[in-house]
Amino acid sequence: MGRRILLCGLTLFFLCAAGCSAGKKAGDSGNSDREQSELEASENLIVVGVSQIGAESDWRNACTKSIKTSLTRENGFYLIFDDAQQKQENQIKAVRNFILQEVDYIVLCPIVETGWDAVLQEARDAGIPVVVADRQVDVDEDLYTCWVGADFRKEGETAGGWLAEELERQGREDEEIRLVTLQGTVGASAQIGRTEGFARVLKEHENWKMLEMASGDFTQAKGEEVMGEFLKKYDDIDVVICENDNMAFGAVDAIKAAGKTCGPSGEIMVLSFDAVSAAFEAMIDGDINAAFECNPLLGPKIREILDILSSGGTVDKIQYMEETYFDTSMDLENILKTRMY
Ligand code: GZL
């Protein structure tokens, strides 16, 4: 109730201000874009504050687009969106601002799993339900209403299982296989889960040697830099595990810059996570062997959750997204035509 009064008060303030000042960029209604937004917010829209990590990867941009095209005014939402530029402190500030603005719901896409206890307790004390999306938070589960995202450990295990089958197909099941890993942002659920999931398969193959793992922070530039360092240290890498597509693209650039080859017909196998459209193109180009999907289209699921909650319903605490994997044995050109990100 407080929020509605607050927004109506803001609306009245902006309308008075609009009446006294000339030269504002006016829409059809004669109000500035800002006044229009405040007016809209005073309708019976569900006001949602979304704290997004940043724009570090193709996956993240697809996730943001999905959220923005789902939580629209037409669908009954007033969206307040914050891009944290990949800094947890910015996410914490954004959540505190959402609390001050008395939003109806908060959606948090947490950059790492830890450091959220205090601010989520503040949201709970303010009576604002929190939906955690994408990566997870390591807090008392009473501090958030539900989580929706991917099963990262399963993704890692699927990648390990795929590699074992591929090596067997090549007749290399008993050969010493030397691997390196480009990890995502350290402490992010996607990094923790993919590393742990692949490690479960790694320990089943004593002929697989993990030479080194280091973080490329889910970015292409850092991925290229770290892979370049690996290539200087190790001259016989057989496989690079990239915990997202953008680091895989960087790894491919580093491999080529070192005068080596990669992909299904190259010296170094490249396995990637996310399976965005650019990863399909890289597989079609012969640079990447396989991409393990992580579905970024969280918007419709978040919308469904918020609609249920705002009508007094309850939702499951943990909600997994559907996902699979793709490799160069598949009809990738035709599959690519069906991809939404
Ligand atoms: C996975 C997501 C990861 C992606 C990266 O759910 O958190 O963050 O794999 C993105 O591309 O940066």
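Position 1 is the first residue of the sequence, and the numbers go up from there. For clarity, every value in this text was computed on a predicted model and none was experimentally measured. Heavy atoms only: backbone and side chains are in, while hydrogens, waters and symmetry mates are out. Indexing begins at 1, ligand by ligand and atom by atom, following the structure's order.
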Proximal atoms of ligand 1 relative to [X] (non-hydrogen, under 4.0 Å):
X      : value
Ser57  : 5 (C), 10 (C), 11 (O), 12 (O)
Asn244 : 5 (C), 9 (O), 11 (O)
Cys294 : 1 (C), 6 (O)
Phe152 : 1 (C), 6 (O)

*Phe81 six-ring centre to Lys68 NZ/CZ under 6.0 Å and within 45° of normal*: yes
How far is [atom] from its nearest protein heavy atom, and which residue and atom name does that atom have?
atom                    : answer
atom 9 (O) of ligand 1  : Asp274 OD1, 2.6 Å
atom 3 (C) of ligand 1  : Arg135 NH2, 3.7 Å
atom 12 (O) of ligand 1 : Glu56 OE2, 2.5 Å
atom 6 (O) of ligand 1  : Asp134 OD1, 2.3 Å

The salt bridge (charged side-chain N to carboxylate O under 4.0 Å, His left out) partner of Arg194 among Glu155, Glu243, Glu157 is Glu155
Are any of the side-chain heavy atoms of [X] and [Y] separated by less than 4.5 Å?
X      : Y      : result
Leu143 : Gln121 : yes
Phe77  : Arg303 : yes
Arg339 : Glu293 : yes

Practice item. Classify the contact between Met247 and ligand 1 as side chain, backbone, both or neither, using a heavy-atom distance cut-off of under 4.0 Å. Key: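 Near ligand 1, Met247 shows nothing, with every heavy atom at 4.0 Å or more.
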Measure up the Phe292 and Trp162 rings against each other and bin them: parallel (under 30°), tilted (30 to 60°), perpendicular (over 60°).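 The arrangement is perpendicular - the two ring planes meet at more than 60°.
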On the 0 to 90° scale, with breaks at 30° and 60°, tag the His205-Trp208 ring pair as parallel, tilted or perpendicular. parallel
Q | Whether Gln191 lies under 4.0 Å from ligand 1, heavy atom | A |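 For ligand 1, residue contact (heavy atoms, under 4.0 Å) with Gln191 is absent.
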